[in-house]
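FYI, side chains are in, hydrogens and waters are out, and symmetry mates aren't considered; it's all heavy atoms of this structure. Just follow the structure's listing: the first ligand is 1, and inside any ligand the first atom is 1. Along the sequence shown, residues are numbered consecutively beginning with 1.
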Amino acid sequence: MKEKVEALKAEITDYVAAKNDELEAFRLKFISRKSVITDLFADMKNIAPEDRKEMGQLLNELKNTARDKFNKLIASVENTKKESTDAPIDLTLPPIPDTLGSLHPLSITKKRILEIFERIGFNVSYGPEIEDDWHNFTALNFPENHPAREMQDTFFIEKDPDIALRTHTSSVQVRVMEKQKPPIRTLSPGRVFRNEAISVRAHCIFHQVEGLYVDKNVSFADLKQTMLYFAREFFGKNTKIRLRPSYFPFTEPSAELDISCFICGQKGCKICKHTGWVEIGGCGMVDPNVLKNCDIDPEEYTGFAFGMGIERITMLKYQINDIRLFTENDIRFLRQFKSVN
Ligand code: DAH
């Protein structure tokens, strides 16, 4: 029995384990309740009583050796695992593809519009999203209690005096003209809010860009040429424009701005509803009353203004058929704009 103990001791001392299954094999053989050491303890009853004390000590030593070794083996297996995850980086591997983000399509459109107008001398101005009645309506020549105010379903924050979420970026026109005297050439992009049911085509929060040009001798021809320049730069050089008479309280005359349908080449399609034209915004000559409200003399200065929906022209340009996609944060949608930045 003594030799057996010696042999086991040597086996325990020499044991190496690099993997979990080798560790488990050690545990089963030397530590578990069915281990060889347990068997030896069971054999004690067959040993002569005078030898029992010594054998008992030897077996206890063996048991402790096995325990100590087991703890060491656990530590060494853990270390081997760590080393394998800390392995040196393989510098010859290709870089991880597809990690670049992309600009949001509305940011891309806004950026493009600003760039196009920057080239003809427009700067950028911003106004608050929470606006008073004067800047959103009254200064823009919306008469008190006039039905035109109902054209835009307003989210009011306070009544008397009226404070509301701006319904259009035209409010920034007023803020700019109050502060700055002509010549003015400015573009005002931003968020606007209207109490409208959300659908495929409409949202209660969307974006517009407002343009304003005030100087001596600004004419309707200037407006027309500027709109044509923009349309060609943004939608392609063969784009045509059409100005349809319309009504806005802050412009006189006013027009709706259409572009030739670039999707069907004016042959007629679903997007242009078979008319060959699609509307992209409103425009007109700044009403003399608006200039007066901002302390600009309409006898000396004239101007034009325009407003476009950023969602609308983004949907047209990239043929996006649901306005809600812009706010859903679906990575499969957003990813498609990676190359357009
Ligand atoms: N503010 C108008 C709207 O939200 C758009 C607009 C039309 C702006 C004509 C203008 C303009 O500056 O001249 O529907």
Legend entry - Glu256 side chain to Trp277 side chain, donor-acceptor N/O pair below 3.5 angstrom: no

Inset, instruction - Considering the heavy atoms of Ala305, write down every atom of ligand 1 situated less than 4.0 Å from one of them. - result: 12 (O), 13 (O)

Inset, instruction - Please say whether Gly282 places an N or O atom under 3.5 Å from an N or O atom belonging to ligand 1. - result: no

Inset, instruction - Starting from atom 11 (C) of ligand 1, find the nearest protein heavy-atom neighbour and note its residue, name and distance. - result: Phe250 CE1, 3.5 Å

Inset, instruction - Look at atom NZ of Lys69 and say whether more than 12 heavy atoms of other residues, nucleotides or ligands are closer to it than 6.0 Å. - result: yes

Inset, instruction - Could you point out which residue of Tyr213, Phe248, Phe250 forms a ring pair (Phe, Tyr, Trp, His ring centres under 6.0 Å) with Phe304? - result: Tyr213

Legend entry - Where ligand 1 meets Gln173 - atom numbers and elements under 4.0 angstrom, heavy-atom basis: 12 (O)

Inset, instruction - Anything under 30° is parallel, anything over 60° is perpendicular, the rest tilted; go ahead and classify Phe234 against Phe230. - result: parallel

Legend entry - Contact atoms of ligand 1, heavy-atom distance to Phe248 under 4.0 Å: 7 (C), 9 (C)

Inset, instruction - Answer with yes or no whether the side chains of Thr154 and Thr167 bring together a donor and an acceptor at under 3.5 Å. - result: no

Legend entry - Thr251 neighbourhood, listing ligand 1 atoms whose heavy-atom distance to it stays under 4.0 Å: 13 (O)

Inset, instruction - State the atoms of ligand 1, each with its element, that fall below the 4.0 Å cut-off from a heavy-atom position in Gln208. - result: 3 (C), 4 (O)

Legend entry - Contact atoms of ligand 1, heavy-atom distance to Gly284 under 4.0 Å: 13 (O)

Inset, instruction - Report the nearest protein non-hydrogen atom to atom 12 (O) of ligand 1: residue, atom name, distance rounded to 0.1 Å. - result: Glu210 OE2, 2.5 Å

Legend entry - Identity and distance of the protein heavy atom lying nearest atom 14 (O) of ligand 1: Arg194 NH2, 3.8 Å

Inset, instruction - Would you sort out whether Val290 and Met177 count as a side chain to side chain contact (heavy atoms under 4.5 Å, CB included), showing the intermediate values? - result: CA-CA 9 Å; Val290 177; Met177 286 192 282; 3.9 Å; yes

Legend entry - ligand 1 atoms in contact with Ser170 (distance to a heavy atom under 4.0 Å): 1 (N), 8 (C)

Legend entry - Heavy atom of the protein closest to atom 5 (C) of ligand 1 (residue, atom name, distance): Gly307 CA, 4.1 Å

Legend entry - OG1-CG distance between Thr13 and Leu8, expressed to the nearest 0.5 angstrom: 10.0 Å

Inset, instruction - Report yes or no: is the cationic atom of Lys72 (NZ for Lys, CZ for Arg) under 6.0 Å from the centre of the six-membered ring of Phe70, at an angle within 45° of the ring normal? - result: no

Legend entry - N-O pairing of Glu6 and Lys9 below 4.0 Å: no

Inset, instruction - May I ask you to check if ligand 1 and Thr167 share an N or O to N or O distance below 3.5 Å? - result: no

Inset, instruction - Quick one: look at Phe306 and ligand 1, take heavy-atom pairs under 4.0 Å, and tell me if it's side chain, backbone, both or neither. - result: backbone

